[in-house]
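First up is the structure itself, then whatever we jot down about it.
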Amino acid sequence: MKDNLKEIFINVSTNETRVAIIEEGRLVEMFLERPDNERKIGNIYAGYIDNIVPGMNSVFINTGEEQNGFSHLDEFRRDLLPKRVLDGKYIFRSMDEDIIPAEQEKHDRRFEKGSKVMVQAIKEPIGSKGPRVTTDVTIPGRYIVLIPNDHGVKISKKITNHAERRRLNKLVKNLIPEDFGVIVRTAAENKESSSFTNDIISTFNIWKKIVKDYKKTDKPKLLYKDYDLASSIVRDIFTEDVARMVVDSKELYDQIREYVKNNAPELEKNIILHEGGEPVFDKYYHISRDYYISLSREVYLKTGGSIVIDHTEALVAIDVNSRRFIRNKSQEENIVNLNLTAAKEIARQLRLRDLGGLIVIDFVDMADAANREKVLNEFQNYLKADKAKISIEKISKFGLVEMTRQRLKPSLTQTIYEDCPTCSGKGIVKSKETIAVQLDRWLKNYKFNTNNSIVDISLNEELYNFLNATDKRLLHEMLIKNWIKINFTVNNSLSLYDFRCFVPGTTEDITKQYMN
């Protein structure tokens, strides 16, 4: 197997589908789908405007999902569907006709609460934030993306041969119906007209059905559901540069073969059914091991050193640590080599974890400006394999790199984990000494406000033993100082760093009532 080719591995279990992308023998991307978080990107809805907030430049649309979708006002178009579109008056051009560019229409941006609109999800919901939607609807096929109410042909930037770009532009222009634009995908390179004809007809028929359903509905409704995870990977990523696709589900294997047979028969030989007892993610490239490493806070580099990845409310912070990275070279050379090694791993981790938003990377300080430039250039080269939109600033004299990366869905960590109920996602908890002080203050407030000299308290056994330790005498001092009797109940379902207080002889919880 050639290392420079991609490989795709798909693992299907009862409640989860995982897709691993391998490049140069290493895991670079992991996709995960579960029934409770099915992908929404690509879905098209009949929606109704629920709220318009000019001060936030936002419009919120009820699509019938749990959370409203939102869009920026200056990107939102109400008049997406002119009358001729609703009437279905489309005319396919003849292959022999000259193309006369249609005039661009001015879109009516006047809309109000309750207006009916057609929108498409372009970004998954993240936390309390609903999905990002757009009125610029697109229908993806394998070789083209059909764009209703658009004009012209756009060619994938990854097709670099000028003659091929001209050929594709001329060929596709003669196939698309009026009032449609098309994006020609990378997979279309060197394909003949029959491939595009099938794609355009199928996407056009999808669009006609969407419009038909849109006209009929008078409530928020899902009009078109994009492919599930595995199918979208086959459509969007499984191309000639993928050496093999290994699937461990016979049912999914048969579905993929059927799709590929009809759309890219030359790739059918590259689909392999994984059989046998050993899990597919264990047999190939230690995928499971790399997958769990990707969830760790600290990732160790093979040459020594490590990178530490921390999530905050505002940004993702990545720190490069030297640790045992020592070679028989000057200090500056050692630091540069460490930063170059870290830059490659950071670029991989960004894709693997699907980190997005503002990202700040703290490389080890380099004295020479030329070395800082070298590390930045190498980092940018590694980022070229990333399909997400990336903006990056120059490395500062402190070794910091600021960048933004497009975030379309929650990161892998957010998908796998939920906030710790004990620390509420902070990653730290109060010490037992702090809890003891907190309990002492609670008793003081309780006694002052109620003048009661008895209370029931429930707490974890370990915390109780800590308070009752002979050498600390914490509990004894609390009782004497506050002149109060405590009826203790051990409850190990409570965390070590928590306690509950009750009115004596009842289940009435009064903990918050007298808490500072």
Side-chain angles (χ1 to χ4, degrees), residues 1-39 41 124 142 187 226-296 299-300 302 345 347-355 385-387 408-417:
M1 192 61 56
K2 295 180 181 179
D3 278 351
N4 62 334
L5 292 177
K6 284 184 184 178
E7 297 169 75
I8 300 174
F9 296 88
I10 303 179
N11 164 239
V12 180
S13 59
T14 306
N15 203 41
E16 183 179 80
T17 298
R18 296 185 297 173
V19 179
I21 310 296
I22 303 294
E23 291 178 6
E24 298 180 1
R26 294 207 71 190
L27 178 66
V28 294
E29 289 185 82
M30 176 71 80
F31 301 91
L32 186 150
E33 186 174 61
R34 294 170 177 167
D36 58 349
N37 70 335
E38 288 184 342
R39 50 184 270 133
I41 291 180
E124 297 286 358
R142 179 165 179 80
D226 197 19
Y227 287 1
D228 61 20
L229 173 61
S231 300
S232 66
I233 292 292
V234 175
R235 180 189 65 195
D236 301 336
I237 299 180
F238 190 38
T239 57
E240 284 84 352
D241 67 340
V242 176
R244 62 180 172 179
M245 173 182 281
V246 182
V247 188
D248 68 358
S249 161
K250 181 65 165 62
E251 182 182 358
L252 183 58
Y253 169 78
D254 291 338
Q255 291 174 9
I256 292 173
R257 280 193 64 189
E258 186 64 26
Y259 175 86
V260 170
K261 190 184 295 184
N262 294 328
N263 292 277
E266 70 278 6
L267 297 179
E268 190 179 356
K269 64 182 184 300
N270 296 345
I271 308 169
I272 299 169
L273 175 64
H274 173 74
E275 296 178 298
E278 188 176 9
V280 64
F281 275 20
D282 291 336
K283 182 174 181 179
Y284 299 96
Y285 300 112
H286 306 291
I287 294 174
S288 286
R289 183 194 65 189
D290 263 11
Y291 171 59
Y292 286 108
I293 287 175
S294 74
L295 304 176
S296 303
V299 178
Y300 296 95
K302 287 184 177 179
E345 183 61 27
R348 186 176 83 101
Q349 290 293 330
L350 292 178
R351 293 175 65 191
L352 184 52
R353 298 172 188 240
D354 201 12
L355 299 175
D386 197 334
K387 290 183 178 180
L408 297 179
K409 62 183 186 344
S411 70
L412 192 61
T413 306
Q414 289 173 303
T415 303
I416 298 295
Y417 293 119

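Nothing here was measured: the structure is a model prediction, and the numbers come from that model.
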Q) Going by heavy atoms in the side chains, are V247 and Q255 under 4.5 Å from each other? A) no
**Q.** Taking every non-hydrogen atom, the tightest pair across A385 and E23
**A.** CB-OE1, 4.3 Å
Q) Do we see a donor-acceptor contact under 3.5 Å between the side chains of E7 and Y284? A) no
Q | Pairwise side-chain contact, Y227 with Y259, heavy-atom cut-off 4.5 Å (strictly under) | A | yes
Q. Would the number of heavy atoms belonging to other residues, nucleotides or ligands and lying under 6.0 Å from CD of E266 be above 12?
A. yes
Q | With sequence neighbours excluded, residues passing side-chain contact (heavy atoms from CB on, under 4.5 Å) with D282 | A | E278, P279, S288
Q. With a 4.0 Å cut-off, would you call R348 and D290 a salt bridge?
A. yes
**Q.** Distance in Å, R18 CZ paired with F9 CZ, rounded so as to fall on 0.5 Å steps
**A.** 13.0 Å
Q. Which atoms form the tightest heavy-atom contact between R142 and V234, and what is the distance?
A. NH1-O, 2.9 Å
Q: Could you pull out the closest heavy-atom pair between I10 and A230, with the gap in Å?
A: CD1-CB, 4.4 Å
Q | Pair E345 + R26: basic N to acidic O under 4.0 Å | A | yes
Q: Please name the residue in the list I256, I272, I237, L267 that meets the side-chain contact (heavy atoms from CB on, under 4.5 Å) test with M245.
A: I256
Q) Is E16 reaching over with its side chain to a backbone N or O of L32, donor-acceptor style, under 3.5 angstrom? A) no
**Q.** Reported CE-to-CG distance for the pair M30 and D354, which is rounded to 0.5 angstrom
**A.** 12.5 Å
Q | Closest contact, heavy atoms only, I22 versus I287 | A | CD1-CG1, 4.0 Å
Q: State, yes or no, whether a side-chain contact exists between D248 and F281 at a heavy-atom distance under 4.5 Å.
A: no
Q.
So, applying side-chain contact (heavy atoms from CB on, under 4.5 Å) with I21, which one of V28, V242, L27 is it?
A. V28
Q.
Rounded to the nearest 0.5 Å, what separates atom CZ in F238 from atom CD1 in I271?
A. 4.5 Å
Q: Working to the nearest 0.5 Å, report the span between CD of E29 and CZ of R351.
A: 4.0 Å
Q: Decide if atom NZ of K269 counts as having more than 12 heavy atoms of other residues, nucleotides or ligands within a radius under 6.0 Å.
A: yes
Q. Are any of the side-chain heavy atoms of V299 and I293 separated by less than 4.5 Å?
A. yes
Q.
So that I can tick it off, tell me whether D226 and R235 are bridged by a salt bridge, with the cut-off set at under 4.0 angstrom between side-chain N and carboxylate O.
A. yes
